[in-house]
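Heads up: the structure comes next, in structure tokens.
The model shown is predicted, which means the values in this text are computed figures rather than measured ones.
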Amino acid sequence: MMELRSANVTQGVERAPNRSLFYAMGYTREELSQPLIGVVSAHSEIVPGHAHLDKIADAVKAGVRMAGGTPVLIPAIGVCDGIAMGHVGMKYSLASRELIADSVETMAIAHQLDGLVLVPNCDKIVPGMLMAALRLNIPSVVCSGGPMMAGSYNGEEVSLSKMFEAVGARKVGLIDDKQLEECETGVCPGCGSCAGMYTANSMNCLCEAIGIALPGNGTIPAVHCRRIQLAKHAGMAVMELLRRGIKPRDIVNASSIRNALACDMALGCSTNTVLHLLAIAHEAGVELDLALFNEISAKVPNICHLAPAGPTHMQDLYAAGGIPAVQAELAEGGYIDTSLITATGKTVAENIAGAHVTDPAAVRPLNDPFSPTGGLQVLWGNIAPDGCVVKRSAVAPEMLVHSGPARVFDSEDDAIDAIYNSRIKDGDVVVIRYEGPKGGPGMREMLNPTSALAGMKLDRTVALITDGRFSGASRGASIGHVSPEAADGGPIGLIREGDTIHIDIPGASINVEVSDEELAARRAAYVPREPNIKTGWLARYARLVGSANTGAVLK
């Protein structure tokens with residue numbers, strides 16, 4: 001008989017008061033004799049990616065019961081990044097990752113749960129829950145809600161990034177109000193995480209690649225019957241992990257993180273995966289730094305160009321064989337370790353046996369990639385001594401190397417006002433600072449400015465750099481996570497209007513063309529601006545949060 005943590009609340013004379021409270025909720029003596037499995041669901045009516053998670057959680061509970069466990073439903077919060085985009089609400093998105101991790105830890109320990117099935121779907125909820133699982137180190141499986149189907153506009157298959165770009169097109173008169181409305185009502189046809197390789201789908205795919213989720217987690221569409229079947233199997237899988245004593249830190253380790261990084265580069269995932277993988281590694285007790293991202297990017301070809309980098313969407317990746325097919329390609333090239341144990345209780349090799357790509361338009365072979373290097377690139381230089389990140393696979397070839405005058409803004413709001421009012425010109429480098437983890441606070445995603453430039457057809461001539469973040473739906477030379485941030489005295493705070501900035505993405509460098517002596521003089525006179533939120537938990541977050549180059553984890 002396995003030793004159960006839940007015995008601390010269900011067994012023995014001393015726990016009669018505890019049992020009485022379970023009985024008050026309708027639990028039976030038989031249920032309390034079985035393992036208690038927390039089913040942590042982020043279901044809500046404010047996030048399209050989460051609107052159906054009640055059904056996913058019910059299916060997970062059915063799987064747990066079938067395998068001899070007692071499921072216990074627990075809620076979790078979740079921010080919709082799209083709804084929070086472009087206003088003060090976005091300051092709360094990244095910060096909510098820590099709240100989610102802390103709340104899952106709290107509920108699991110307070111009630112002595114034996115295992116967890118984590119049911120997230122969107123951006124910060126996935127890593128937040130996984131961070132908690134690694135912190136707790138009790139048997140756990142991630143079972144996400146699945147991607148939204150692509151929408152339709154002008155006869156094209158589209159997703160949310162098209163909508164944000166349409167705003168920029170409307171601002172400069174490239175489309176009219178009727179066309180904007182047609183786009184608005186066509187891009188998001190139903191529940192699920194938005195259909196491109198944005199942050200939510202990136203993290204759901206990487207949970208598969210790292211081994212903590214079952215095959216299919218990243219790509220089975222939200223509306224597909226196989227999503228419900230996957231959820232039932234996730235409930236059964238956690239019981240098998242419990243029986244075998246396999247815990248999250250047995251699955252997530254230095255080798256599996258390298259597997260996830262290889263998949264990240266092949267897929268062309270969101271730059272936010274850098275933040276989240278750093279934070280996940282931190283919770284797993286694994287050392288990870290930005291240099292490894294470039295090391296793997298230099299070796300692993302980019303074989304997928306999903307939106308916003310290209311015209312395909314998650315449903316196309318699913319139809320092409322999903323993450324198992326991508327992993328099979330990577331295994332053939334020797335880019336991943338297939339001996340590692342996963343949440344199925346089997347190895348990567350066993351999981352991907354027989355998997356293959358069925359549509360080379362969605363997943364190219366290794367010998368004919370979109371790029372011989374990976375989807376992400378880390379840059380260093382006198383602007384970013386501790387690094388910054390760009391989604392290289394979504395940058396136009398002509399912008400891979402670029403020099404231009406700095407257009408400096410101390411907030412996203414000021415930058416977007418300048419863009420919307422046509423004050424940004426071909427060749428400019430937009431610098432948005434005081435939007436980092438501490439300075440924002442909260443490190444806002446900036447899909448509005450990047451999409452406005454794309455909609456105005458400026459994404460092939462204008463670069464953006466920031467100590468904040470860019471959405472996975474951003475494209476163009478959008479360089480984020482500049483570290484140290486301005487609020488921590490980082491040199492991005494020393495850039496002045498008109499300074500020439502030189503960006504060399506293949507060369508992994510980013511510099512302002514100002515002498516060391518001039519930068520030193522500016523630094524001597526520099527007083528970083530204080531965060532502009534002084535009350536509430538976000539003010540506490542600003543005091544405790546670390547730098548983006550270490551995952552923006554709390555100190």
Side-chain angles (χ1 to χ4, degrees), residues 77 79 81 83-102 123-124 127-128 131 199 271-272 274-276 278-279 282 383-389 406-418 430-450 464-471 478-497 522-555:
I77 66 166
V79 171
D81 278 18
I83 294 174
M85 195 72 66
H87 56 88
V88 68
M90 180 46 74
K91 293 176 182 283
Y92 286 80
S93 176
L94 178 61
S96 73
R97 185 187 72 182
E98 316 308 313
L99 282 184
I100 292 162
D102 290 351
D123 292 28
K124 310 311 161 302
M131 288 163 64
T199 305
T271 52
N272 283 316
V274 177
L275 278 176
H276 299 323
L278 287 165
H282 173 77
I383 291 174
D386 293 337
C388 56
V389 186
R407 305 297 310 282
V408 181
F409 304 94
D410 284 346
S411 72
E412 177 193 9
D413 310 274
D414 291 345
I416 196 69
D417 180 71
V430 176
V431 178
I432 307 174
R433 59 196 183 190
Y434 292 105
E435 291 287 5
K438 174 181 176 180
M443 203 178 184
R444 284 197 281 188
E445 277 187 355
M446 301 189 200
L447 181 54
N448 280 2
T450 60
L464 293 91
I465 68 171
T466 181
D467 52 10
R469 302 180 293 134
F470 291 114
S471 166
S478 304
I479 301 164
H481 311 190
V482 170
S483 302
E485 60 176 295
D488 261 344
I492 189 174
L494 307 179
I495 299 172
R496 293 181 180 171
E497 185 82 7
R522 292 182 188 181
R523 187 174 289 109
Y526 182 56
V527 179
R529 197 180 73 180
E530 289 291 315
N532 57 14
I533 289 185
K534 308 291 186 185
T535 59
W537 73 267
L538 204 58
R540 295 197 302 274
Y541 176 87
R543 292 195 296 271
L544 296 172
V545 71
S547 179
N549 70 297
T550 56
V553 296
L554 296 184
K555 299 173 186 173

Kindly compute the distance separating [atom1] ([X]) from [atom2] ([Y]), expressed to the nearest 0.5 Å.
| X | Y | atom1 | atom2 | answer |
| --- | --- | --- | --- | --- |
| Met90 | Asp81 | CE | CG | 4.0 Å |
| Ile100 | Ile77 | CD1 | CD1 | 5.0 Å |
| Arg469 | Arg444 | CZ | CZ | 11.0 Å |
| Ile383 | Ser483 | CD1 | OG | 13.0 Å |
| Asp467 | His481 | CG | NE2 | 10.5 Å |
| Asp413 | Ile432 | CG | CD1 | 9.5 Å |

Intermediate values then yes/no, side-chain contact (heavy atoms from CB on, under 4.5 Å), Glu445 and Ser93: CA-CA 9 Å; Glu445 277 187 355; Ser93 176; 5.9 Å; no
Minimum-distance pair of heavy atoms, taken over all atoms of [X] and [Y]:
| X | Y | answer |
| --- | --- | --- |
| Asn532 | Gly440 | OD1-O, 3.1 Å |
| Asn448 | Met85 | OD1-CG, 3.8 Å |
| Pro449 | Leu464 | CB-CD2, 4.0 Å |
| Met446 | Gly468 | CE-CA, 4.1 Å |
| Gly493 | Arg433 | O-NH1, 3.2 Å |
| Gly439 | Ala487 | CA-CB, 3.4 Å |

Pairs meeting criterion salt bridge (charged side-chain N to carboxylate O under 4.0 Å, His left out) with involvement of residues 482-494, two or more places apart: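 The answer is Lys438-Asp488.
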Leu275 and Leu278, any side-chain heavy atoms less than 4.5 Å apart: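 In short, these two side chains do not touch, never coming nearer than 4.5 Å.
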If you look only at distance, which donor and acceptor atoms sit under 3.5 Å apart when one is on a side chain in residues 535-544 and the other is two or more places apart or in another chain?
none

[X] side chain to [Y] main-chain N or O, any donor-acceptor pair under 3.5 Å?
| X | Y | value |
| --- | --- | --- |
| Glu435 | Glu412 | yes |
| Ser411 | Asp414 | yes |
| Arg529 | Asp410 | yes |

Excluding sequence neighbours, so at least two apart, what forms side-chain hydrogen bond (donor to acceptor under 3.5 Å, both in side chains) with [X]?
| X | value |
| --- | --- |
| Tyr434 | Tyr526 |
| Asp102 | Arg135 |
| Thr199 | Ser270, Asn272 |
| Asp386 | none |

Working for side-chain contact (heavy atoms from CB on, under 4.5 Å), residues Met131 and Glu98: CA-CA 9 Å; Met131 288 163 64; Glu98 316 308 313; 3.6 Å; yes
Stepwise side-chain contact (heavy atoms from CB on, under 4.5 Å) check, Met443 with Val545: CA-CA 10 Å; Met443 203 178 184; Val545 71; over 6 Å; no
Chi angles and distances behind the side-chain contact (heavy atoms from CB on, under 4.5 Å) call for Thr466, Val482: CA-CA 6 Å; Thr466 181; Val482 170; 5.9 Å; no
Arg97/Asp123 ion pair, N-O < 4.0 Å: no
